[in-house]
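Numbers restart at 1 for each chain; the letters A, B, ... are given by sequence-line order, proteins then strands. Everything numeric in this text was worked out from a predicted model, so none of it was measured.
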Amino acid sequence: MIALIDCNNFYASCERVFQPQLNHSPVVVLSNNDGCVIARSDESKALGIPMGAPIFKLKELVKQHQISCFSSNFPLYGDMSSRVMSILSSFSPEIEIYSIDEAFLALDGFQLDLETYAHTIKKKVEQCTGIPISIGIAPTKALAKTANRIAKKFKERTKGVYIIDNEEKRIKALKWLKVEDIWGIGRQLSKRLQAQHCYNALEFTRLNDQWVRKEFSVVGLRLKKELQGEKTLFLEQPQNKKSIATTRSFKENIADLDALEERVATFAVHCAEKLRKQKSSCRMISVFLRSNPFDKSQPNVFRNTTISLPYDSDSSILIASYAKRALRHIYKEGIPYKKAGVLVLGLQPSENQQLNLFCDSKPKHKDLMNVMDKMNKRYGNTLQLGSQNTTKKWLMRQENLSKRYTTDINELIQVS
DNA sequence: TCTGGGGTCCTAGGACCC
DNA sequence: TCTGGGGTCCTAGGACCC
């Protein structure tokens, strides 16, 4: 059996741990620049606030119901997540951390009552971190996802734990699960399924194999088997990223090339830092610029380009310089850009780097990057490239940012 | 006034190899 | 007039996830 553990309303729950007086009132957490709603407490969901809603459209509702709005505080959520995951790890020899707020646990061969065990896990996590969780248990990942959904949806009856361990429960669960709520079936595919008069997961599992394979590829077929109780997806161990991105929307549009160069250089440096963290080098760099797609008075512009490096690199200096070169390639004057991003692709392990016979391709800036990383880690962001901006003029809009309660040394001293 | 960020996998088609 | 068979690698685009 496999368990899927999911933190309830994770970001909102993290904020509440440090503001317990908000425990029964509506809370939302906003995306960068305080743009969209990306997490909602149950009370906010009950008010009909949809996921991804732009907050400026909800001004009245926020005022009327005194909804607490938080700017996103990813250092806090990341740290809370690792606390939850570390507790979960103690309950099974095999865990897959699936996302910041979800994990699969392997429960194969556990000779005990799984329901009792799940309640023990739940209690422990809630006691140690203050984060409420839901647990679904079933023979496959897709069914565990389904069970988890039931645990959450019928919280009172299930007490946050649901197990699919026989055919009757499986059929009942699938009949209940709408096709658009199946894990792996998104908006496009559910539309196509509904067009075939397939409305719930049970009907999906009764479609013809060949048809599913043809229409939804092997991915769809695997999913169908998973829902029928046959394992086709397995627990995975963490792997190095195959691509890394740093992209941001701007507070205000930027049309000026110098200003964009500074942003792109900074994004490139972030990518390079993430590369070095996982000991990879990149072979290619992609840069894009985008106008504001919601602004109907301006033409919708999306420009991007990908360039190859002469040899693999993880140097901030080199990557920033090529990123700027790529930017100048796609930049056009007079367009107000709302968003830009840098992606590094073709990642390879840094230790077996492919050199270039026709140019000096010895790994560059190794010692320098080492020193930069160490100093920036120890003293905060103290060393930057000259092409980055050292003033705070690009700070995101974050009007209601909570403190870094668990990771900021000054906060920790205060708390203790 | 104000609309996020970061990933993965699969397929088809083109270019290339012998 | 007639033009093979079997591969690999790469990329773009489309779908999905949180």
Side-chain angles (χ1 to χ4, degrees), chain A residues 4-11 28-39 49-60 62 69-74 77-78 81 96-104 141-142 145 148 179-193 212-223 232-233 236 238-253 267 270-271 274 278 283-284 286 288 290-297 300 302 304-308 336 338-347 396-399:
Chain A
L4 174 70
I5 290 104
D6 186 321
C7 301
N8 301 345
N9 316 326
F10 183 55
Y11 300 162
V28 299
V29 176
L30 306 177
S31 60
N32 279 347
N33 281 318
D34 291 347
C36 300
V37 173
I38 56 169
I49 298 174
M51 189 66 166
I55 194 68
F56 73 87
K57 285 190 178 171
L58 302 173
K59 248 184 175 165
E60 274 309 303
V62 168
C69 301
F70 288 90
S71 304
S72 39
N73 184 346
F74 291 110
Y77 312 149
S81 171
E96 173 188 338
I97 297 173
Y98 179 67
S99 73
I100 192 162
D101 70 333
E102 279 178 56
F104 289 101
K141 279 185 162 184
K145 270 271 186 188
N148 185 286
V179 89
E180 64 268 32
D181 294 333
I182 300 175
W183 180 49
I185 304 281
R187 261 217 293 280
Q188 303 306 318
L189 299 188
S190 54
K191 246 193 270 168
R192 278 159 59 195
L193 283 166
V212 172
R213 172 70 180 80
K214 199 175 103 236
E215 293 293 316
F216 304 114
S217 85
V218 292
V219 181
L221 190 55
R222 271 183 214 142
L223 192 56
T232 61
L233 306 171
E236 288 169 27
Q239 276 168 10
N240 273 352
K241 302 242 181 310
K242 295 167 181 170
S243 65
I244 288 173
T246 303
T247 72
R248 289 285 178 281
S249 295
F250 308 134
K251 234 182 329 182
E252 283 132 19
N253 290 334
F267 298 164
H270 282 161
C271 285
K274 295 186 213 169
Q278 68 162 39
R283 195 154 278 183
M284 289 172 294
S286 201
F288 74 83
R290 199 186 81 179
S291 62
N292 184 351
F294 299 101
D295 182 355
K296 299 300 172 206
S297 70
N300 204 349
F302 179 89
N304 78 116
T305 186
T306 303
I307 56 173
S308 295
K338 179 65 178 169
K339 182 173 180 175
V342 174
L343 293 81
V344 288
L345 314 161
L347 308 194
M396 281 185 292
R397 185 185 302 121
Q398 291 186 313
E399 285 173 356

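Projected onto DNA chain B by closest heavy-atom contact, A:I55 and A:A245 fall at different nucleotides, the more 5' of which corresponds to A:I55. The nearest heavy atom of DNA chain B to A:F250 and to A:T246 marks one nucleotide each, and the one closer to the 5' end goes with A:F250.
A straight line from CG of A:N148 to P of C:dC17 spans 15 Å, rounded to a whole angstrom. To the nearest angstrom, C1' of C:dA15 lies 11 Å from CZ of A:F216. Whole-Å rounding puts the A:E236 CD to B:dT8 C1' distance at 10 Å. Rounded to an integer number of Å, the gap from A:E96 CD to B:dT8 P is 13 Å. Distance CG (A:N32) to C1' (B:dC2): 14 Å, rounded to an integer number of Å. What separates CG of A:L193 from C1' of C:dC16 is a distance of 14 Å, to the nearest Å. One interatomic measurement links the two molecules: OH of A:Y11 to P of B:dG5, which rounds to 13 Å at whole-angstrom precision. With rounding to whole Å, A:L343 atom CG is found 11 Å from B:dG5 atom C1'.
Using a 4.0 Å heavy-atom distance criterion, A:N33 is classed as making no nucleic acid contact. Using a 4.0 Å heavy-atom criterion, one finds that A:I182 contacts the sugar-phosphate atoms exclusively. Within the 4.0 angstrom heavy-atom criterion, only backbone atoms of the sugar-phosphate kind lie near A:Y98; the bases stay farther away. Within the nucleic acid shown, A:T306 has no heavy atom closer than 4.0 Å to any nucleic acid atom. Nucleic acid contact class of A:K214 (heavy atoms, under 4.0 Å, all strands): none. If you check every strand for non-hydrogen atoms under 4.0 Å, A:I244 touches sugar and phosphate atoms only. If you check every strand for non-hydrogen atoms under 4.0 Å, A:R192 touches nothing. Using a 4.0 Å heavy-atom distance criterion, A:S72 is classed as making no nucleic acid contact.
Of the candidates C:dC16, B:dT11, B:dG4, B:dG4 carries the atom nearest the A:I38 side chain, counting heavy atoms from C-beta on. The nucleotide whose nearest atom lies closest to any side-chain atom of A:K274 is, among B:dC2, B:dG6, B:dG4, B:dG6. Out of B:dG7, B:dC10, B:dT11, the shortest distance to the side chain of A:R213 is found at B:dT11. When distances run from any side-chain atom of A:E102 to the nucleotides C:dC18, B:dG6, B:dC10, the shortest one goes to C:dC18. Taking only side-chain atoms of A:S31, from C-beta outward, the nucleotide of B:dT3, B:dG5, B:dG4 with the closest atom is B:dG4. Here the nucleotide nearest the side chain of A:W183, chosen from B:dT3, C:dC17, B:dG5, is C:dC17. Nearest nucleotide to the side chain of A:S217, out of B:dG4, B:dT3, B:dT11: B:dT11. Of the candidates B:dT8, C:dA15, B:dT3, B:dT3 carries the atom nearest the A:K57 side chain, counting heavy atoms from C-beta on. Distances from the side chain of A:M284 to the nucleotides C:dT11, C:dC18, B:dC9 place C:dT11 closest.
For the pair A:K338 and B:dT3, the criterion of a side-chain N or O lying under 4.0 Å from OP1 or OP2 is met. Put simply, A:K242 has a side-chain N or O that comes within less than 4.0 Å of OP1 or OP2 on B:dC9. A:K145 has a side-chain polar atom (N or O) that falls below the 4.0 Å cut-off from OP1 or OP2 of C:dC18. At the phosphate of B:dG6, OP1 or OP2 sits under 4.0 Å from a side-chain N or O atom of A:R248. The phosphate of B:dC10 has OP1 or OP2 within less than 4.0 Å of a side-chain N or O from A:R222. Put simply, A:S249 has a side-chain N or O that comes within less than 4.0 Å of OP1 or OP2 on B:dG5.
A:L347 places none of its side-chain heavy atoms less than 4.5 Å from the side chain of A:N240.
Residues A:I244 and A:K274 share a closest heavy-atom pair of CG2-CD, 3.7 Å. For the residue pair A:R192 and A:E215, the shortest heavy atom distance occurs at NH2-O, 2.7 Å. Nearest heavy atoms, A:E399 versus A:S71: N-OG, 3.2 Å.
Between A:F104 and A:W183, the two ring planes are tilted [angle within 30° to 60°]. Between A:F250 and A:F267, the two ring planes are parallel [angle under 30°; tilted spans 30° to 60°].
B:dG4 and C:dC17: their C1' atoms are spaced 15 Å apart (whole Å).
You'll find a donor-acceptor pair under 3.5 Å spanning the side chain of A:K59 and the base of B:dT1, going by distance alone.
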Please lay out, stage by stage, how A:S81 and A:D101 fare under the test side chain to side chain contact (heavy atoms under 4.5 Å, CB included).
CA-CA 6 Å; A:S81 171; A:D101 70 333; over 6 Å; no
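Taking NZ of A:K57 as the reference point, atom SG of A:C36 lies at 9.5 Å (rounded to 0.5 Å).
Nucleotide B:dC18 is matched to C:dG5 when pairs are restricted to Watson-Crick or G-U wobble geometry with both distances under 3.5 angstrom.
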